[in-house]
Structure formats: C-alpha cells, structure tokens
Trainee: 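Below you will find the structure I want to go over with you.
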Amino acid sequence: MNFIADFHIHSHFSIATSKQLVPEYLDLWARNKGLKVLGTGDFTHPGWIKELKEKLEPAEQGLYKLKEKFRIKDEFSIANTPENEPRFILTSEISSIYKKNDRVRKVHNLIFAPDFKTVEKIQKSITKIGGNITSDGRPILGLDSKHLLEMALTASGNIFFVPAHIWTPWFSVLGSKSGFDTIEECYEDLTQYIYAVETGLSANAPMHWMCSFLDKFTLLSNSDAHSPEKLGRNANIFNTELTYNSICNTIKNADKNKFLGTIDLHPQEGKYHYDGHRKCNVLWNPVETLKNNGICKVCGTPVTVGVMNRAVRLSDRENLFERKNRLPFHSIIPLKEILSEINQVGPNSKKVHRNYIALLEKLGPELNILLKLPIPIFREKGFPILAEAIERMRKNHISIKEGFDGEFGQIKVFKDNEIQNLKHKDSLFPNKIKEDSPKLDPPLINFSLDEYRRLTSTHSLPKVEKKKSKPKKIVDLAGLNYEQKRAAKHLEGTALILAGPGTGKTRVLTHRISYLVNIKNINPENILAITFTNKAADEIRIRLKDLLNNEDSLKKLNLTTFHSLCYTILKEHSYQIGLNPNFTIIDEKEKISLMIEYMEITKDIAKSLSLKFSQAFHNMEHFLNTENIEIEEMLHEYQHTLIENNIIDLDSLIYNTVILLEDNPQIREQYISKFKWILVDEFQDVNSIQFKFLKLLLDKSQNLFVIGDPNQAIYGFRGADIKHIKYLKNTLSEENIYELKKSYRCSGYILKASNNLIELGKKHKFLEGLKKGVKIKITTNPSEKSEAEFIARTIEKMMGGLRFFSIDSNITKGNNETGFSLSDFAILCRTHSQMRHIEQSLENHSIPFQVINDNNFINKAIIHEILLFIKAILNPDYSYLKNRILKKYKLDNTAFLNIQNLAKSNKLSVTDICNRYFHTLKSNDENVLKKFQEISAEFGNNLHQVLKYLTLKSEIDEYKPHTEEVTLMTFHASKGLEFTNVFLAGCEDGLIPYSLNENKKTDPMEEGRLFYVGMTRAKENLFLSRAANRFIHGRSLYLDPSPFLKKIDDELTEILKQQYKQKKEMKSQNQLTLFK
DNA sequence: ACCCGGTGTTTTTTT
DNA sequence: AACACCGGGT
C-alpha cells in the first residue's frame, strides 16, 4: 500500500502547542493533508495516553484509528471514505539533558512503541528514575540518551528509536551547541540499535549525504508539528504493508521499492540555515564564512553560525552521490504559502484560508495537490496560476533566500511583479506562462564543498571560549599557595586556620592529611578528622583518594562526624553509662511521647521542656547552673527513662561520651593515644559540649588542627558558639594562627558586597578575589509567585532555553555561549516553606531540580512507622516502644522473638518488613518505600547500619552535586558548597533576618552571617530577589526589603526591571475539558 | 478501629 | 496555606 506518514508530532499536553492537538482534529487534519499514518506524539504523558485509549481503537498490528463516533464530519473534511481513515502509531519525543565528557548535552530522541503496554513500561521506568512525565508532553530527563535507549529496549525489543532533528543546535545529537560530533559518541555500543535519524525542519537529505558516517542510517523526515495545520510539512512516503512492524522494517532496510522517499520543506526557510549578522546585513554560506575566518566584515565580531555550517564541518565528502542508499526527496512549499504568494496576502489571512478549503474540496488532500495531481488538471479545474506555481515548485524553479541569524528564509515561486502581470491575463486563462529565463535545476548544495575543504587548511572559525578550566589536580603541596602551604605543614601544638569563603579550606585540610601520611609517615589510624556532616566527610574522602598513596591509608583514617564518632565510642563502652550495645537513638517525636508518658505532662509542656533539655546538653555550663531545681529534677527523671529503655537522644549522644571519658580515665587514655592528630572542620560551629569533648581527647602535647570562619557561624540556635573559635584566636600565639586571604571562588563584586554584611562596624580585611566579575542583580517582584517565575525564567534564559519553544519566544535569545549546566544553579531560601512556589515554577518550566529537604523522606508517616518497628526489633529493652508495637501489630511475644532472631541473623530486610507488616499501603507511599528499600540495600540490609545512617544523617547528605539539576535548599544547607549562579530568594525584612515569630527572637548578627554565607556561595552571578507581597501562614504580608540589601554599596548592584508579566492560566488543567 | 470534616493553630535554621 | 487535633459517624 502506498501511503504517507508523519511520525513526530505533539499533543496538547506539550508546552506551547495548539489546543487543537486532540485525536479528533489530528484525524481531520491528517485527512486534509493526505497523511495515512500519524505519530501520536507525547506517549509518555499519562493524560494523553488516557485520551488516546478512550478515543482510538486498534486497527492493523501496532496501529490505531479514531473511533467512528469521534470523527469530525461537518467541517470542510474531504475524502471522508474508509480508505482515507488515518492510522495512529504510538510515538513520543524525549528530551535528555545531561553531562557527558565534561559538556552539557541536550539531545532529543523519538521513540516508536508497538503497543500501550510498552508505553506504560516506559512511563514506569521514567518515573522510577525520578523523571516527571506529567508536566509536559515532551518530558525533560536528566538521563543520558544512551541510557534512554537502553531503557526503551528493555521495555520492548520492538521499539524503534530515532535521534530527533539531528542538526538543531541546542537539542540534538549532532547539534553545535550541546550535541556530539558523532552518533557513536552519544550512543556508544548501543548505536547498533539505531537504524534511522530524523533530518528535521532545518535540514534536507543532501546535507546528510555529505557525511559518510551517516550512510548507515535511513533518513526520516517528520513535521514536529505543534499545531494540526503543520502536520505533514515534512513526511515520509511508503509503499509497504500497513502495520507497525512493516513500517519499522521498511525504515530499517530503506528498500527503495518500499521507502519511496521523504517530503521536506526547504531547509533554507529555517531561521538559522546560513551564517551571518542580521544587523550588519551580512549573509554568508559556510565557504564565505570560512574565508573571513568567521568574523563579520561590518562589526568585527564572530558571525552567528547556522545549521548548514555545522553539517559541512562534520562532512567528509565532496561528491554527494557517493552515498549509495539515497532516497528521493521532494521539496515542497506549503499550499497556504503558495496561495499567500498568489493572493499577495499573509499565509494566515482569512482569504488564504477560504481559498485553501475550496481547493481541498475540489482537488483533494494537500500533499496530493502538491506532489501528485497532474498539472493539466489544475488548468482544467480553473486554477492556471496555481498550476504554474505547482509546476515550478515541483521542478525546483524557485527563488531562495536563505534564513540566517534568526531571520526566516524566503522561498518564492514568482518574481516581483510577475504576479501582477499574471493577474491581468488571468481572465483569459492563458495556457502556459513563459518564464523569463528557464533555470537549470539548482545544485543540491549551493556552494563548493571542494573549496570548503581547501580553505580548512588555511582558515578557521573563531574558537568559542570554553569556560571552566577545571582546577588542576594537585598531588603534593606544590599546588597550594603560600598561606595554604604554611598551614598544611603546621606541626607542633594547636593550630587555628581562619579561612574565608572559597579560600581553600577543604583543600588545606586534605593536603594536611596527605602531608602527614605521605611525608611525615604518620599512621593514618592516628589521625582523626571531624566534620559536621557526612557530606563534608565524604567530600574529604573523595579528594583524599587522589592525594593519598594507597587506598589502605584512606580506610585506616578516622574520618567522621561528631555524632557518628560519639555513637561509635558509646557502642564500645555502653555499659559504663548504663546502656547495653543495642541502644537506639530516638527522634524528637519519640522523645515527646516518652516524656508525656513517663512524666505525666501535657504535650505543650513536653515540647518546651524538650527544648530546655537540649540546651542543657549542648551547653554544659547552662546545664550545671540550672537555677530551676524542678527542671533539673525532671531532667534527671528523663535521663532515667532513657536508661531504663536503653535509648539515647541526639543531644545526649555527645554529652554521654563526655561523661564516659571524664569518669573513665583509662578509656580516655585509650582514645588519647589513638587519636594523636585531630583535625576539625567548620570549627566556628562547635558548641560547648563538643569543645569539651575535643579537649578530653587531647593531652598536653597533642595536635589539634581546626579550620573555621567566624563570619560563617550560623548554628547558634543549636548551641554553637563563636566564643570557642575566638578563645583560640585570643590564646594561641601568632605563629599558630594562619589566615587564608585569597578567595578562589567569588568574584570581586561578590566579595566586596558580602563584606558589607559582616562588617558591622569593625574593620575587616578584604578577601582578594580572582576576577572582578559582574554586578549583583537585585529584583523586586509583586508576589512570591512572580518571584518564583523570575527565577525559573532567568535560569531558562541563562541555559539558552531548555525547551525548543523558548528559542522562538522572548524568554531567551538562545545565545548562551557560556555553557552553564543545571548543576551550576542554586536557589537559596531562609525557610523551607518558601520553596513551594519556586518548585512549582521550575516544574512549569520543565527545569529539573532537586530539593534538599529532609522532611520529604524521614518525616513521612510511613517511614517513621517502619523505623519505629525496626527500633523495637533491634532494641528489645526499649520496652515502651515494644509494648506499643506488639499491640499495634497484634504480635505476641513469640512472634516478636522470631522477628528479632531473623533480624539478628541479618535475614530480615526492609523489603521483608514492608511486605509482612506494611502491605496495606496507600499508593503515594510507594515511591518513598522504594527509596527506603534502596537505602537499605546500600547497607546490605544491615538494619543497625540503616538505622544509624538515617538517624545521624543530615539533609545536605542528600545533595547530588553532579546531576543535571538545579538545587533548591536553605541558606543553612548551602554552607560549604559553591555554585556559579546563585539566587537568594525572599530577601525581605522578616524572612532574612527572620523575625516572624515574636516569641522567639533570632540573633541579628547571626542572620547577617547567614546572608553572608548565602552570598558567598556564588562564583559569578548572584541574584537577590524579593516579593513585595507574600502569603505566610495564610496571611498576606507586605514586607520591606531586607535591611541587608541596603548594606550593600549601590555601585556593586544593578536593579533589574520587572520584565515578565504573570501568565494567568495553567494550561493542561483547562484543556482536558475542551472537547467534552 | 478508622474515616470524615470542621475547627484551631502554627509561626526557622538542624546534628 | 498546611497541618494537627478533636469529635462524631460508621
């Protein structure tokens, strides 16, 4: 059967597409165009699949057709006969954004699926890796194209996978901006499963014939239509059986008798076909560009390079016909454009539309008119001018002005004034219009490939400067600057290293360790490095891998957090403090319910007491001086309850360790001799009990090496006190204090501005920055929603447009030469609750992001329940919990013992527990549980380890630095991290400094330091945004700008004007109901 | 024992 | 705005 097919289109679920992209109109327009087979597009979208299932019914193998009752009959539909019923084939486009070989890649791929089952499998595997398939018909995943292909092949061996519009600069496998130079670089060993590539609107077959490496791929041509009228502007002609398998096989084999060729628009129409400068009126083909070394003659800056140039650069042929498997291609001009030229009115005008409909009714489908209908028929039916136009088009007797630098190209059938003259004769129905000068067929490539080749030896295009020279790996101290080196080599006694943001704190720490181990031959077992978070410890571990000579040293090294260390110490000596080694750590919720139960108090009192207890544990002096005898008694009662239940809370973890070491000198001795070299990171954040703990690990001769920055102390509320770092500063002699003054992170602007904040009257030395940088951008937005929108759009703009659509709209001009990656962006908020709107906006813009928010996981009710269950099993002496669990899960003692034994022999995994005791689950718990099981699997299902990890981990431990995602987190969580581009959201008086809770005052100095921390996360671009109006706790608040904004010198900042109006309606919501 | 709806309350950062 | 809590219904 002879038919035309267009596989790549979109549904109304995709962003920036017509509302008419519903099955009914697709069916209608396929008939109007003369398409037999139409891709559904967007099969990853559940809403679209639902709609397709409702409105389509199975036809031939792997093909579907519109149910009769949905067919639109009363419009200008033509050829409404059964043999013209279009078929649908399940297809979808997926956008992958990821980093490979050090560059950001954005690749679009088209997937064909044989049935709905396969579609659902693909949907599932996307969701499984955290992809969002509901916000856009064309999902954006942080997934490597190769892995996407793998995923699709896993779903079904019968899928068909086609790299989409392969030359598009921003979004394709060969794209100049974020693609590869070969297909293999992208798909590696899986390239063998790729049989075809899509040429796209901006390219036609000959451009591919230039490249021998594309010989093995069939060329497919599709419309990528965003509205029904654009269907079939590019398409494929088949003569084969009408089934899914036979279509795929035909594409695979590209048999000339079965795949009759492609239909393409003229690629010259594209906005970026040739090279040049629109403003300078310079339009060049690749040869001319090369002759000028890519520099515009008029303005002297590099010209905007088009798609043809990219293709020529990757090409290796002068004679296109060396490619054997060439298929015919038919260049067309859309009928409406021809009519527009004839009528001399716009192609979207009413007149053209009326004309168009009339023609379809008389002459049949559009593609039939353009390609097949014999020219004499046009004349017979009374369309002589059209006859002439179509004939010229078919013979390629047309004039072409190539598009360049954002300007559309122009394809014309008639010359200027020619139409006027024709019109006069029109009434006479001339038989044949003579051409002024009959043209020869234009060459397939309109410049000399031979010349291009010759020029490449002497000419070249300007190199786009690749930013980010990665910091060189330094294996010895040679790579450190003078101060860093001095600090790292410190040997005797206590040392304090004052290190501002970006001055190489971690670097000094890691190099000191490697110096001690490699040069001074210190046994790594005698070194203790303490951090506050697991993340920081991991970071040090990773960096040490390159610095230490052998893996063994790294394993022997004691690299841990305060809490983890104390936990380990207490496990070893638990009996000395009245616990047995099975003790578990309780969380805040457990703490409160225990207090209520054992002390017979109300929840409110328990909560306030809990706070007081925490403070007492953090700060020993406070604990000893408790004026209130009653509270002290209650504290003792509480401690007694903990011992009785063989549990400990987070706060007393360190306290109990201190008590242990104080009461047992022989144990203390043991640790003193073990930890001969102690290093502490983020020393400004230690509290009294931690400082005391450190002192207990030292004897007179021992070496304490602490790094910190008093300006970055932000944990006062949990007992941290700068007095400890200040104490060292004041008591240590000068040669034991090192100050790192050179910042390798922030630009000069950012350093100066942030310095305005911590100044607070006293003199402070500037850090020296590496580069001057750009001004800090400040914006005011009407509401938190528009603030969020500003952030999302700015990111989109800076990324050069994640969505195809963006390039054509005002959002972005698509001229990102800097090559930002999504992981270069961070958005910081004072509170978690601010994040909601920002998440929403990022989602609406299809920008992948990660939120650093512990509550998301561990505070989920179901996870909490399971953790309690595990605690009860692991710690049988926790009788309060055990009784509750027995009752709740209707277990008797024997059953409970059985479970315990299973757990002891490590035969009980989290999965088992879920399956056995938590099987009646709500569907939305599924993902959380899956995550829980994954975490558990990482620890080999050792429940003790899992529990320890989950109770002692910090939320920043969740941060994945290298995924292609924007990071959204609190100011606090951002400490120690750096990003090229940083947004500080909600710069309002009340949020930062925080003062919305009248009962609890914040320390204004600490809030200033917090803002300082936020600002100094940025390397290049810092945005400070605020909302004039904001809803907090259901109340509308008008907050003044943060006083911190005023502190920044005006000449360091630039006020951005509000550029974007808020869009009202949320698309997908409304559209579902449109056709019901 | 569980689900619901209505009412009231919360009010930041986190090992 | 989101959540906890309570009480009444099943």
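Labels below follow one simple rule: chain letters A, B, ... track the order of the sequence lines, proteins then strands, and each chain is numbered from 1. Just so it is clear, the model here is predicted, and its values are computed rather than measured.
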Trainee: Give the rounded distance in Å between these two atoms: CD1 of I689(A) and P of dT15(B).
Mentor: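 After rounding, the reported distance stands at 19 Å.
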Trainee: Take atom CD of E682(A) and atom P of dT13(B), then tell me their distance rounded to the nearest Å.
Mentor: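 It is 19 Å, rounded to the nearest whole Å.
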Trainee: Rounding to an integer number of Å, can you tell me how far E588(A) CD sits from dT15(B) C1'?
Mentor: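 Rounded to whole Å, this separation is 12 Å.
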Trainee: Please encode protein proximity along nucleotides 6-11 of chain B as a string of B, S and -, counting only heavy-atom distances under 4.0 Å.
Mentor: -----B
Trainee: Tell me if the aromatic rings of F583(A) and Y567(A) count as close, with their centers under 6.0 Å from one another.
Mentor: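 Centroid distance F583(A)-Y567(A): below 6.0 Å, so yes.
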Trainee: Using a cut-off of 4.0 Å on non-hydrogen atoms, how would the nucleic acid contact of F717(A) be classed: base, sugar-phosphate, or nothing?
Mentor: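 Here F717(A) touches the bases of the nucleic acid.
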Trainee: R718(A) has an atom CZ; how far is it from atom P of dT12(B), in whole Å?
Mentor: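 Answer to the nearest Å: 17 Å.
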Trainee: From CE of M969(A) over to P of dT13(B), roughly how many Å is that when rounded to an integer?
Mentor: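 Rounded to the whole Å, the gap is 15 Å.
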Trainee: Over all strands shown, is Y715(A) touching base, sugar-phosphate only, or nothing at heavy-atom distances under 4.0 angstrom?
Mentor: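 Sugar-phosphate only.
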Trainee: Give the rounded distance in Å between these two atoms: CZ of R836(A) and P of dT12(B).
Mentor: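 Distance check: R836(A) CZ to dT12(B) P gives 15 Å.
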Trainee: Checking all strands, does T1002(A) fall into the base, sugar-phosphate, or nothing category for heavy-atom contacts under 4.0 angstrom?
Mentor: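 Base: the residue T1002(A), judged by heavy atoms under 4.0 Å, touches a nucleobase.
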Trainee: When you compare the side chains of S614(A) and D651(A), does any donor N or O come within less than 3.5 Å of an acceptor on the partner?
Mentor: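 Per modelled atom types, S614(A) and D651(A) side chains form a pair under 3.5 Å.
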Trainee: Would H972(A) and Y715(A) count as a close aromatic pair, with their ring centres under 6.0 Å?
Mentor: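 Yes, the ring centres sit under 6.0 Å apart.
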Trainee: Can you tell me the distance, in whole Å, between the CZ atom of R884(A) and the P atom of dA1(B)?
Mentor: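 Rounded to whole Å, this separation is 14 Å.
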Trainee: Taking only the side-chain heavy atoms of K1000(A) (C-beta and beyond), determine which of dT12(B), dT15(B), dT13(B) contains the nearest atom.
Mentor: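 When the side chain of K1000(A) is considered, dT12(B) is the closest of dT12(B), dT15(B), dT13(B).
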Trainee: Apply side-chain hydrogen bond (donor to acceptor under 3.5 Å, both in side chains) to K948(A) and S564(A), showing your working.
Mentor: CA-CA 8 Å; K948(A) 181 192 169 192; S564(A) 196; 3.0 Å; yes
Trainee: Using the side-chain heavy atoms of A973(A), tell me which of these nucleotides is nearest: dT14(B), dT13(B), dT15(B).
Mentor: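 When the side chain of A973(A) is considered, dT14(B) is the closest of dT14(B), dT13(B), dT15(B).
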Trainee: Does the side chain of D587(A) come under 3.5 Å of the side chain of H864(A) through a donor N or O and an acceptor N or O?
Mentor: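 Short answer, yes.
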Trainee: Not counting sequence neighbours, which residues clear ring-ring contact (aromatic ring centres under 6.0 Å, His included) with Y638(A)? List them please.
Mentor: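 Testing Y638(A) for ring-ring contact (aromatic ring centres under 6.0 Å, His included), a comparison that skips the adjacent residues, returns F613(A).
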Trainee: Between C1' on dT15(B) and NE2 on H618(A), what's the gap in Å once rounded to a whole number?
Mentor: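 Rounded to the whole Å, the gap is 8 Å.
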Trainee: With no hydrogens and no angle check, just 3.5 Å: does a side-chain donor-acceptor pair link T584(A) and N875(A)?
Mentor: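 T584(A) vs N875(A): donor-acceptor pair found between side chains.
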Trainee: When you measure from the side-chain N and O atoms of K1001(A) to the phosphate of dT12(B), is any distance below 4.0 Å, counting only OP1 and OP2?
Mentor: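 K1001(A) to dT12(B) OP1/OP2: no side-chain N or O under 4.0 Å.
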Trainee: Given dT14(B), is OP1 or OP2 found less than 4.0 Å from the side-chain N or O atoms of H832(A)?
Mentor: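 Yes, because at least one side-chain N or O of H832(A) sits under 4.0 Å from OP1 or OP2 of dT14(B).
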Trainee: What nucleic acid atoms does K603(A) come within less than 4.0 Å of, heavy atoms only: base, sugar-phosphate, or nothing?
Mentor: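 If one applies the 4.0 Å heavy-atom cut-off, K603(A) turns out to touch the sugar-phosphate alone, with no base involved.
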